[in-house]
Engineer: 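Encoded as structure tokens, here's the structure I'll be asking about.
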Amino acid sequence: MSSTPTTWVITGASRGIGLEFVRQTVASPDNIVIAAARNPDSANGLNALKDSAHTKGTLHIVKLDVDDFDGVRAAAKEIGAILGDKGLDYLVNNAGKVDAQDTGFTVDPEVLLSTVRTNAAGPALVSQVLLPYIEQGKRKTLAYISSTAGSIRSVERVGSRIATYAISKAALNMLAEKQRLERPDLIILTFCPGWVKTGMGGDKAPLEPSESVGALLKLITTAKPEDTGKYLRYNGEVIPW
């Protein structure tokens, strides 16, 4: 491992895109990866990485459910203890969900509130409580895994479906923009990972998690201060807000 390792926190790390982020980052001996999962004990894929020959870096697994605000605050203390004086280079706010295949006139308000809690309020708190560690990091980068569904100017492309999910991702996008304006010294990026073969994306999706995450990691790790505020697809294409 490098004398100055690169540090990562990845939320929603137990499956899908989050698990692939962990798999690819721990492949480097220069990385210290803190994988945050709702239920670490049942995260079989994540736990298997701890003993995998593929894992060259250092992997820590912490319990973090973005819906549990007190738990997020407690997890921040555990993450701080792991980081010590190294600071946090990259925060990947990946945790999210889609619970409804609804439209604008069929939104269930309780499902909407629950989804916004997970997809926007949770990431807002995670970034807030980890900000002191990000400020100590070398890269000072926050990456939000959003969706083209959250782009108001892309609504014709997405159509009327998944309204609750789209509303929650539009809220996440606004969070990223508000943070960018408040802290121009940080690199804040928002991404659409594409349609990926995961539990959320389904088997018909054209992208493998490895392809999407590999491309996203290249964008994240090569981002410069002047890139802050960009909203990009995994392939680097700019998404209109």
Side-chain angles (χ1 to χ4, degrees), residues 10-12 15-21 24 66 92-124 127 141-181 187-223 226-241:
I10 299 163
T11 68
R15 60 183 181 173
I17 290 172
L19 179 59
E20 186 62 28
F21 263 109
Q24 293 196 26
V66 295
V92 180
N93 259 313
N94 166 73
K97 68 179 182 180
V98 54
D99 281 342
Q101 297 294 326
D102 55 1
T103 65
F105 283 112
T106 61
V107 167
D108 181 323
E110 295 297 338
V111 175
L112 174 60
L113 288 173
S114 172
T115 305
V116 170
R117 183 183 182 95
T118 301
N119 291 357
S127 62
T141 299
L142 294 85
Y144 289 99
I145 305 305
S146 183
S147 170
T148 302
S151 163
I152 292 174
R153 288 182 60 192
S154 299
V155 71
E156 294 290 343
R157 171 178 174 172
V158 176
S160 62
R161 61 192 178 84
I162 55 170
T164 286
Y165 178 72
I167 292 165
S168 73
K169 289 300 187 179
L172 180 67
N173 293 352
M174 182 60 78
L175 169 68
E177 278 292 87
K178 290 291 187 179
Q179 291 180 342
R180 175 187 66 82
L181 288 172
I187 299 175
I188 298 176
L189 306 164
T190 308
F191 295 103
C192 174
W195 186 12
V196 185
K197 289 178 183 174
T198 64
M200 184 183 295
D203 293 335
K204 293 182 180 179
L207 281 174
E208 294 292 339
S210 58
E211 182 181 358
S212 171
V213 170
L216 289 169
L217 280 172
K218 184 175 181 179
L219 292 171
I220 292 168
T221 57
T222 60
E226 56 266 30
D227 295 319
T228 191
K230 286 187 175 179
Y231 181 18
L232 304 171
R233 291 193 177 86
Y234 73 99
N235 59 4
E237 180 184 346
V238 175
I239 304 171
W241 290 102

Engineer: Considering non-hydrogen atoms only, spot the tightest contact between Ser154 and Ile239 and give its length.
Structural biologist: OG-CG2, 4.3 Å
Engineer: If I take atom CG from residue Asn93 and atom OG1 from residue Thr11, how far apart are they, to the nearest 0.5 angstrom?
Structural biologist: 4.5 Å
Engineer: Quick one: side-chain contact (heavy atoms from CB on, under 4.5 Å) partners of Ile167, sequence neighbours excluded?
Structural biologist: Leu112
Engineer: Do you know which two heavy atoms are closest between Thr118 and Pro123, and how far apart they sit?
Structural biologist: O-CD, 3.2 Å
Engineer: Under the salt bridge (charged side-chain N to carboxylate O under 4.0 Å, His left out) rule, what pairs show up with a residue in residues 230-241, not counting sequence neighbours?
Structural biologist: Asp227-Lys230, Arg233-Glu237
Engineer: List for me each residue that meets salt bridge (Lys or Arg N to Asp or Glu O under 4.0 Å) alongside Glu156, sequence neighbours excluded, and say none if there are none.
Structural biologist: none
Engineer: Over all heavy atoms of both residues, which pair between Cys192 and Leu216 is shortest? Give the atoms and the distance, please.
Structural biologist: O-CD2, 4.5 Å
Engineer: Grab the two heavy atoms, one from Asn94 and one from Gly12, that are nearest each other, plus how far apart they are.
Structural biologist: ND2-O, 3.1 Å
Engineer: Please tabulate, for the side chains in residues 97-109, all donor-acceptor contacts under 3.5 angstrom to protein atoms that are two or more places apart in sequence or on a different chain.
Structural biologist:
unit_1: Lys97; atom_1: NZ; unit_2: Asp99; atom_2: OD2; d: 3.2
unit_1: Lys97; atom_1: NZ; unit_2: Ser114; atom_2: OG; d: 2.6
unit_1: Asp102; atom_1: OD1; unit_2: Ala163; atom_2: N; d: 3.0
unit_1: Asp102; atom_1: OD1; unit_2: Thr164; atom_2: N; d: 3.1
unit_1: Asp102; atom_1: OD2; unit_2: Thr164; atom_2: OG1; d: 2.6
unit_1: Thr103; atom_1: OG1; unit_2: Thr106; atom_2: OG1; d: 2.9
unit_1: Thr106; atom_1: OG1; unit_2: Thr103; atom_2: N; d: 2.7
unit_1: Thr106; atom_1: OG1; unit_2: Thr103; atom_2: O; d: 3.4
unit_1: Asp108; atom_1: OD1; unit_2: Glu110; atom_2: N; d: 2.9
unit_1: Asp108; atom_1: OD1; unit_2: Val111; atom_2: N; d: 3.4

Engineer: What's the shortest heavy-atom distance between Ser168 and Ala120, and which atoms?
Structural biologist: O-CB, 4.0 Å
Engineer: With sequence neighbours excluded, tell me which residues meet side-chain hydrogen bond (donor to acceptor under 3.5 Å, both in side chains) with Ser146.
Structural biologist: Asn173
Engineer: Where is the tightest heavy-atom contact between Ala149 and Val158, given as atom of each residue plus distance?
Structural biologist: CA-CG2, 3.9 Å
Engineer: What pairs with Gln24 under side-chain contact (heavy atoms from CB on, under 4.5 Å), at least two apart in sequence or on another chain?
Structural biologist: Glu20, Ser210, Val213, Leu217
Engineer: Can you pull the salt bridge (charged side-chain N to carboxylate O under 4.0 Å, His left out) pairs that have at least one residue in residues 164-179, sequence neighbours excluded?
Structural biologist: Glu177-Arg180
Engineer: Just jot down the salt bridge (Lys or Arg N to Asp or Glu O under 4.0 Å) partners of Arg15, sequence neighbours excluded, or say none.
Structural biologist: none
Engineer: Would you say Leu181 has more than 12 foreign heavy atoms packed within less than 6.0 Å of its CG?
Structural biologist: yes
Engineer: According to side-chain hydrogen bond (donor to acceptor under 3.5 Å, both in side chains), who are the partners of Glu226, at least two apart in sequence or on a separate chain?
Structural biologist: none
Engineer: According to side-chain contact (heavy atoms from CB on, under 4.5 Å), who are the partners of Ala176, at least two apart in sequence or on a separate chain?
Structural biologist: Tyr144, Ile188, Thr190
Engineer: Please enumerate all residues that pass side-chain contact (heavy atoms from CB on, under 4.5 Å) together with Arg153, with sequence neighbours excluded.
Structural biologist: Ser151, Pro240
Engineer: How long is the straight-line distance from CD1 of Ile220 back to OG1 of Thr141, given to the nearest 0.5 Å?
Structural biologist: 8.5 Å
Engineer: Answer whether the closest heavy-atom distance between the side chains of Leu232 and Val238 falls below 4.5 Å.
Structural biologist: yes
Engineer: Could you state the interatomic distance from CG (Leu189) to OG1 (Thr228), rounded to the nearest 0.5 Å?
Structural biologist: 6.0 Å
